[in-house]
S.K.: 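Handing you this structure, nothing more for now.
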Amino acid sequence: MQCQFSPNRVSLVAPTPLSNNAYLASSDTRSRSFLGDSVLRALPPIALILVATRLAWFERGTIAARDWLGDSLLGGLLLATVLAAGRVYGPVRAAVLGITSLLALAVWCAVALAWSPLPTLGREEVLLVAFYCVVLAFPLLLSRSDVDRWLVLGAVVVAVGVISVASAIELLTDPTEAMFRFGRLVFPVSYVNANAAFFMVALWPAVALASLRAAPVVLRAVAVAGAGGALAGWIVTQSKGAGLGLAVSAVVLFAVAPWRLRLLVPALFPAAVVAAAYSPLTEPFRAQDSGLTEAAREAGAAWLVVTGACFVLGLGYALLDRRVELGPRVRRAAGAVALGALVLGLMGAAVGFFASVDHPVAYVQDKLEELKGTPTSGEGSSHFETLESERYDVWRVAVEEFAGHPLAGIGPRGFYASYLEHGRTIETPARAHSLPLDALAETGVVGLLLLLAALAPPLALAARASRASVAVCAAFASCVFWLVHACVDWIWTVPANGIVFFSFLGVAAAGAARPLLRPSVAAVSAVVVAVAALVVFGPAWLSSRYVERALAEEPAAAKRDLERARRLDPISTSTYVVEAQLERDPASRIPPLQTAVEREPRSAGLRLLLGIAYRDAGREGDAQRELSEAARLAPRDKEIRRVLRETG
């Protein structure tokens, strides 16, 4: 069995003259030219993968638009440049429908700002969806062959692998309590479930790359090590959402892929090694009350050992695989056995469940009650052992908001204000921990339909092409993982996660033999994209830079910069907050904060700031009124209650 590289796909088939000529290691002139073209086509998507990596490591997986607006602007201008160069391919019709629907979702979110309780945050959702349109466009217009796809997938494997090793070294050498929340890793990405998603999205591409018999031996070993590092990173985060995504995507991958036997071996190696290291990897959870630093070092050491052991196993497997040749009949039989084992395993799990549980209905009811419970810290040997979380209450509020506003929703990013007012836990979630519920609660049925129209057509293309290409199959499995995970965690809002997902979605849905866009169409598209990028991303980015500069300037210069920022981004209330922050006289802080509250009357945080300004200016009655309203909007906020008591 050999991996065939053709202009349209890479598949595990018997070698042909084409595969020998087109193989990456060939010295044939045509092959080098073909590889060079693929590298050029893959560079823009790879640049965005590097952006995601930078956001994860240097910006701690930030969701603040000011930290990625410059990237979105440069991405849009780069897309315009690529279109102007004229060497882009027309996407297939279903892919066009997907990206058009995603763009329509951004427009709908912009319209919904009119009724959002928090337009400042809502406009960040508009910008984020527009950024995802740019990310998706690159592979849809550029990816054409499996070599293109492997370059993008390989970039993710390498990037995540480097971050994985760097994270393990950081835990081993310089651990701090800030790296953990309730014993779960929040480094480098500061949201634990997004952290898990960042590591795990590289798993299936790493496994698929390790399965390629024609790939260099060292590259295959690195891929197995990357898969082990990704799994170890997930275990240290102990994200149940990532575990659910892993389970579903594994079933999909091994059910769909004709090469399940070749994929199974490099998948089992990291799984076995990580299982053996489970105890030290989860030690920080058990030691969170005392000895967390030492437990973190133990987890970091185990993480590095897992990665190194997987590299050695991968190296041995790759060397052995080159010397063992299985006939077609044996491969088919082994593949059928692997599929049968998967089915039997699922059946066995079901039988085992009913055999071990006396009352299955009561068991499910108990778990549902557990899901409704308040999260506890430090109980059990790991976070995987309990379903307790704030999810039930968060989802309850989202469903209630959708029921009250079924068509158009409450407005983008409006869930944050809604949960502060109607939630029953001490948590302050920014989103509803579920992409479908976020869409329904914030943008209504219209938003959900646009989201489905944006994702379903590319996914259908990817699913159909998965049986003909290992690369597409790996990208599709990663997309399945990400979407399942996004149904129970708010990883959509983290660009470090979303960029990789939309890159994989575009790579999987791009198709193969497609004609070049007509020069006139490409030129007009380049102008439209450049203007749109400058209009959509440019003002908000410049405004954020002016606000940042104002914080370091003298009052007179700061006011000029804030006025410029306000003209560029009239929706945001951050300029008014910064203006109040820069005022030394308490009475002078009141007017800008009054304007901010008038713009976002349901913002408990703004009313708290205004109430404090009133109090400091000696206007006790006004302070009491604003703080009482803040307490009504966020009844469980301890800081608001404290200030209200002190003022009263």
Side-chain angles (χ1 to χ4, degrees), residues 63 101 105 108-109 111-119 121-122 124-126 128-129 191 193-194 197 239-245 248 361 364-375 386-456 482-494 498 602-604 632-637:
I63 66 171
S101 299
L105 177 60
W108 175 244
C109 288
V111 172
L113 289 177
W115 55 86
S116 173
L118 302 174
L121 291 178
E124 294 197 0
E125 182 70 7
V126 175
L128 181 64
V129 178
Y191 170 43
N193 294 300
S239 169
K240 293 191 287 286
L244 178 63
V248 175
V361 175
V364 172
Q365 290 175 341
D366 290 342
K367 288 299 178 182
L368 289 176
E369 288 300 318
E370 187 177 316
L371 181 63
K372 298 178 184 180
T374 303
T386 177
L387 290 180
E388 289 181 345
S389 74
E390 78 285 350
R391 294 292 189 281
Y392 178 84
D393 193 56
V394 170
W395 293 340
R396 174 190 63 81
V397 173
V399 170
E400 289 176 356
E401 291 293 358
F402 166 65
H405 311 82
L407 182 62
I410 59 176
R413 302 288 179 96
F415 182 80
Y416 178 68
S418 293
Y419 192 79
L420 286 180
E421 186 174 355
H422 303 297
R424 297 170 183 167
T425 74
I426 61 172
E427 298 294 327
T428 57
R431 309 301 297 275
H433 283 282
S434 171
L435 180 57
L437 288 179
D438 270 326
L440 284 172
E442 296 182 355
T443 55
V445 172
V446 175
L448 180 64
L449 291 177
L450 288 173
L451 178 65
L452 292 175
L455 299 180
W482 195 92
L483 284 173
V484 172
H485 191 181
C487 287
V488 294
D489 285 312
W490 54 281
I491 59 176
W492 165 281
T493 317
V494 183
R602 286 188 59 190
S603 172
R632 186 189 70 80
L633 292 170
R636 299 171 313 286
D637 190 289

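These values consider heavy atoms only, across backbone and side chains, with no hydrogens, waters or symmetry-generated copies. This is a predicted model, so every value here is computed, not measured. We're numbering straight along the sequence, starting at 1.
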S.K.: As an exercise, state the distance from CD of Glu124 to CZ of Arg413, rounded to the nearest 0.5 Å.
M.R.: 6.0 Å
S.K.: Please list all pairs meeting side chain to side chain donor-acceptor pair (under 3.5 Å) that have one or both residues in residues 437-447, counting only residues at least two apart or in different chains.
M.R.: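 Pairs touching residues 437-447 that pass the test: Arg431-Glu442.
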S.K.: Work out which heavy atom in Gly447 is nearest to a heavy atom in Trp108; give both atom names and the distance.
M.R.: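 In terms of heavy atoms, the two residues are closest at N-NE1, 3.8 Å.
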S.K.: Give the intermediate values and the outcome of salt bridge (Lys or Arg N to Asp or Glu O under 4.0 Å) for residues Asp489 and Arg391.
M.R.: CA-CA 9 Å; Asp489 285 312; Arg391 294 292 189 281; 2.3 Å; yes
S.K.: If you compare all heavy atoms of Arg396 against all heavy atoms of Gly423, which two are closest, and at what distance to 0.1 Å?
M.R.: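 Shortest heavy-atom separation between Arg396 and Gly423 comes out as NH2-CA, 4.0 Å.
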S.K.: Quick one, Ser603 and Pro117 - any side-chain contact, counting heavy atoms below 4.5 Å?
M.R.: no
S.K.: Within the side chain of Trp395, is there an N or O that forms a donor-acceptor pair under 3.5 Å with the backbone of Ala432?
M.R.: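 Judged by distance alone, yes, a pair lies under 3.5 Å.
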S.K.: Does the pair Glu125 and Trp492 meet the rule for a side-chain hydrogen bond (donor to acceptor under 3.5 Å, both in side chains), with working shown?
M.R.: CA-CA 10 Å; Glu125 182 70 7; Trp492 165 281; 3.1 Å; yes
S.K.: About how many Å separate CD1 of Ile63 and CG of Leu128, when rounded to the nearest 0.5 Å?
M.R.: 9.5 Å
S.K.: Taking atom CG of Leu448 and atom CG of Leu440, what is their separation to the nearest 0.5 Å?
M.R.: 4.5 Å
S.K.: Is the shortest heavy-atom distance from the side chain of Phe415 to the side chain of Pro429 under 4.5 Å?
M.R.: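 Sidechains of Pro429 and Phe415: in contact.
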S.K.: With sequence neighbours excluded, tell me which residues meet ring pair (Phe, Tyr, Trp, His ring centres under 6.0 Å) with Trp482.
M.R.: Phe501
S.K.: Look at the side chain of Ser434 and the backbone N and O of Val488, then say whether any donor-acceptor pair between them is shorter than 3.5 Å.
M.R.: no
S.K.: With no hydrogens and no angle check, is any side-chain donor or acceptor of Ser101 less than 3.5 Å from a backbone partner on Leu450?
M.R.: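 No, Ser101 side chain to Leu450 backbone: no donor-acceptor pair under 3.5 Å.
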S.K.: Sort out for me which residue in Thr428, Leu633, Asp637 forms a side-chain contact (heavy atoms from CB on, under 4.5 Å) with Leu420.
M.R.: Thr428
S.K.: Looking at side-chain heavy atoms only, is the closest gap between Glu400 and Ser418 below 4.5 Å?
M.R.: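 A side-chain contact under 4.5 Å is absent here.
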S.K.: So, taking the atom named NE2 in His433 and the one named CG in Asn193, what distance separates them when rounded to the nearest 0.5 Å?
M.R.: 7.5 Å
S.K.: With rounding to the nearest 0.5 angstrom, report the CG to CZ distance, Leu407 to Phe402.
M.R.: 9.5 Å
S.K.: Taking the basic N atoms (NZ, or NE/NH1/NH2) and the acidic carboxylate oxygens, is any pair closer than 4.0 Å for Arg602 and Glu421?
M.R.: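 Between Glu421 and Arg602 there is a salt bridge, with a charged N closer than 4.0 Å to a carboxylate O.
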S.K.: Test the Arg424-Tyr419 pair against the cation-pi criterion, namely NZ or CZ under 6.0 angstrom from the six-membered ring centroid and within 45° of the ring axis.
M.R.: no
S.K.: Let's go through Asp393 and Thr425 carefully: what are the C-alpha distance in whole Å and the side-chain angles of both, what is the deciding distance for side-chain hydrogen bond (donor to acceptor under 3.5 Å, both in side chains) to 0.1 Å, and is it a yes or a no?
M.R.: CA-CA 8 Å; Asp393 193 56; Thr425 74; 4.6 Å; no
S.K.: Grab the two heavy atoms, one from Ala112 and one from Pro412, that are nearest each other, plus how far apart they are.
M.R.: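 Ala112 and Pro412 have their closest heavy atoms at CB-CD, 3.4 Å.
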S.K.: Do you know the tightest heavy-atom contact between Ala441 and Ala398?
M.R.: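 That closest heavy-atom pairing would be CB-O, 3.6 Å.
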S.K.: Determine the minimum heavy-atom distance between Ala194 and Val494, stating which atoms define it.
M.R.: CB-CG2, 3.8 Å
S.K.: Please find the pair of heavy atoms, one from His405 and one from Ile410, that lie closest to each other, and give the distance.
M.R.: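 Taking His405 first and Ile410 second, the nearest heavy atoms are ND1-CG2, 3.4 Å.
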